[in-house]
Amino acid sequence: MRTPLIAGNWKMNASLAANATLLAGLLGDEAGVSAELAVCVPAPYLAQVQSVLGGSAVRWGAQDASAHERGAFTGEVSAEMLLDFGCTYVIVGHSERRSYHAESDELVAQKAQRALASGMTPIVCVGETLEERERGATDVVVARQLAPVLDAMGTQLASMVIAYEPVWAIGTGKTATPEMAQQVHARLRAMLAERNTESAQQVRILYGGSMKPDNAKDLLAMPDIDGGLIGGASLNVSDFLSIAHAA
Ligand code: PEP
């Protein structure tokens, strides 16, 4: 039995004042939620989030981590540093990083491995562009993206979370239908099962891409959709919690 995970990705949207309101709202109403809740926030706000959410059931994490352990990598933040601030999760390979920062599948795998080695759970994002979907390449693309990550995870496969995020659905208001998403999730789980059948049943595979209160229930009802990675709607407490209640 996989506990659903509803993880917010605040992206580069935050301020001390806005976070205080959002976090207070979350803590005010998370009691009735049976899914696990998490927020992935910009690194400068981790101390604030740790101090507000520490001791609650809501977990937190970051949106990226360096593939390196430490050293002369100006501007980078290591997985160990994130752990110092109590992060449970770190998103790696978000399509915005893959496209704006030219992150390769191999780099994403290294980041996932580093996160895991530091004691965090990587949320590894995969997903196809519209052009790739239209030419029928979705399965090939997600398999190519995931393969080096699975190699890097080795026997610790069960310690990761995967997020299927079709690029054409992120922040666009377009959502994969539950059936479309389920088909890719099942394919991803089959890939996991080729490595280890037991772990494949334990890994949570989240859907991300314009998940909102009005479409969450149908998406989350699918057998291989184990939660959501929520961008825009995670900035609105009532939308985020309403998605969480649907899980
Ligand atoms: C995301 O960026 O991970 C995401 C799913 O964004 P949105 O929910 O806004 O589409």
Side-chain angles (χ1 to χ4, degrees), residues 4-14 18-19 22 26 35-43 45 49 59-65 87-101 103 105 108 111-112 115 120-130 132-133 138 141-142 145-146 149 160-178 180-182 184-185 188 204-220 222 224-247:
L5 169 63
I6 302 295
N9 173 13
W10 289 2
K11 310 196 187 199
M12 203 172 74
N13 300 293
N19 304 347
L22 219 164
L26 270 186
E36 185 186 334
L37 280 184
V39 287
C40 294
V41 310
Y45 297 108
V49 170
R59 293 162 197 253
W60 59 93
Q63 299 169 11
D64 185 36
C87 289
T88 299
Y89 295 106
V90 56
I91 298 171
V92 296
H94 190 280
S95 64
E96 286 152 15
R97 297 225 44 103
R98 289 180 190 265
S99 87
Y100 305 147
H101 301 273
E103 292 196 2
D105 302 332
V108 172
K111 289 183 171 195
M120 278 181 298
T121 300
I123 301 178
V124 180
C125 301
V126 298
E128 81 288 1
T129 62
L130 187 58
E132 288 163 341
R133 171 159 286 271
T138 299
V141 169
V142 297
Q145 292 171 328
L146 193 59
V149 177
M160 70 186 291
V161 170
I162 297 173
Y164 167 56
E165 299 209 307
V167 178
W168 49 270
I170 296 179
T172 57
K174 291 184 192 152
T175 321
T177 63
M180 276 160 90
Q182 166 59 27
V184 181
H185 282 232
L188 292 168
R204 288 177 292 183
I205 307 179
L206 316 182
Y207 169 80
S210 300
M211 195 187 264
K212 309 272 183 229
D214 61 355
N215 59 29
K217 198 163 185 282
D218 291 342
L219 284 159
L220 293 166
M222 290 291 160
D224 287 295
I225 301 186
D226 308 313
L229 183 55
I230 321 295
S234 71
L235 298 169
N236 178 305
V237 181
S238 78
D239 283 357
F240 188 58
L241 286 170
S242 139
I243 293 171
H245 280 291

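Atoms within a ligand are numbered from 1 in the order they appear, just like the ligands themselves. Just so it is clear, the values below take in all heavy atoms, side chains as well, and ignore hydrogens, waters and symmetry mates. Throughout, numbering of the chain's residues begins at 1 and tracks the sequence. Everything numeric in this text was worked out from a predicted model, so none of it was measured.
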Chemist: Looking at ligand 1, does any of its N/O atoms fall within less than 3.5 Å of an N/O of A233?
Modeler: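 Not met; the criterion fails.
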
Chemist: Answer yes when E103 and R98 have at least one side-chain N-carboxylate O distance shorter than 4.0 Å, and no when they do not.
Modeler: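 No, this pair does not count.
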
Chemist: Of all the atoms in ligand 1, which lie at a distance below 4.0 Å from a heavy atom belonging to K11?
Modeler: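 Near K11, the atoms of ligand 1 are 1 (C), 2 (O), 6 (O).
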
Chemist: Between D64 and R97, does at least one N-O distance fall below 4.0 Å, as a salt bridge requires?
Modeler: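 Between R97 and D64 there is a salt bridge, with a charged N closer than 4.0 Å to a carboxylate O.
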
Chemist: Output, in order, the C-alpha distance, side-chain angles, deciding distance and verdict of side-chain contact (heavy atoms from CB on, under 4.5 Å) for L5 and D226.
Modeler: CA-CA 7 Å; L5 169 63; D226 308 313; over 6 Å; no

Chemist: I need the atoms of ligand 1 closer than 4.0 Å to a non-hydrogen atom of G232, numbered in the order shown.
Modeler: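 Those qualifying, in numeric order: 7 (P), 8 (O), 9 (O).
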
Chemist: Please determine whether side-chain contact (heavy atoms from CB on, under 4.5 Å) holds for the pair I243 and I230, giving the CA-CA distance in whole Å, both sets of side-chain angles, and the decisive distance to 0.1 Å.
Modeler: CA-CA 9 Å; I243 293 171; I230 321 295; 3.8 Å; yes

Chemist: For G209, counting its heavy atoms only, list the atoms of ligand 1 lying under 4.0 Å from any of them.
Modeler: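 Reading through ligand 1 atom by atom, the close ones are 5 (C), 10 (O).
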
Chemist: Just to verify, what does P42 make a side-chain contact (heavy atoms from CB on, under 4.5 Å) with, not counting sequence neighbours?
Modeler: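 Expected list: W10, A14, P44, Y45, Q63.
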
Chemist: Write out the residue and atom name of the closest protein heavy atom to atom 8 (O) of ligand 1, then the distance separating them to 0.1 Å.
Modeler: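 Here the nearest protein heavy atom works out to G231 N, 2.9 Å.
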
Chemist: Determine, considering heavy atoms only, which of G208, P166, S210 sits nearest to atom 7 (P) of ligand 1.
Modeler: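 Checking each option, the heavy atom nearest atom 7 (P) of ligand 1 is found in S210.
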
Chemist: Which bit of N9 gets closer than 4.0 Å to ligand 1, counting heavy atoms only: side chain, backbone, both or neither?
Modeler: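 Contact part for N9 vs ligand 1: side chain (C-beta onward).
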
Chemist: Could you tell me whether A169 approaches ligand 1 through its side chain, its backbone, both or neither, with non-hydrogen atoms closer than 4.0 Å?
Modeler: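 The answer is the backbone.
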
Chemist: Any N or O on E96 sitting closer than 3.5 Å to an N or O of ligand 1?
Modeler: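 No: no nitrogen or oxygen of E96 is under 3.5 Å from one in ligand 1.
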
Chemist: Based purely on interatomic distance, does E165 place a nitrogen or oxygen under 3.5 Å from a nitrogen or oxygen of ligand 1?
Modeler: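 Right, the criterion is met.
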
Chemist: Pick whichever of M211, Q63, H94 has a heavy atom sitting closest to atom 1 (C) of ligand 1.
Modeler: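 The nearest heavy atom belongs to H94.
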
Chemist: Do H94 and I170 have side chains that approach each other closer than 4.5 Å (heavy atoms only, starting at C-beta)?
Modeler: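 When only atoms from C-beta onward are counted, I170 and H94 do touch, with a gap below 4.5 Å.
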
Chemist: Can you confirm whether the side chains of D224 and Q182 place a donor and an acceptor under 3.5 Å from each other?
Modeler: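 Present: a donor and an acceptor within the cut-off.
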
Chemist: Step by step, would you call L146 with I162 a side-chain contact (heavy atoms from CB on, under 4.5 Å)?
Modeler: CA-CA 9 Å; L146 193 59; I162 297 173; 3.9 Å; yes

Chemist: Evaluate K212 for polar contact with ligand 1, using N/O atom pairs at a separation under 3.5 Å.
Modeler: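 No; the residue has no nitrogen or oxygen that sits under 3.5 Å from a nitrogen or oxygen of the ligand.
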
Chemist: Quick check on contacts: which atoms of ligand 1 are under 4.0 angstrom from a heavy atom of G171?
Modeler: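 Under 4.0 Å from G171, ligand 1 has these atoms: 7 (P), 9 (O), 10 (O).
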
Chemist: Is the shortest heavy-atom distance from the side chain of R133 to the side chain of M180 under 4.5 Å?
Modeler: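 Contact flag for R133/M180 side chains = yes.
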
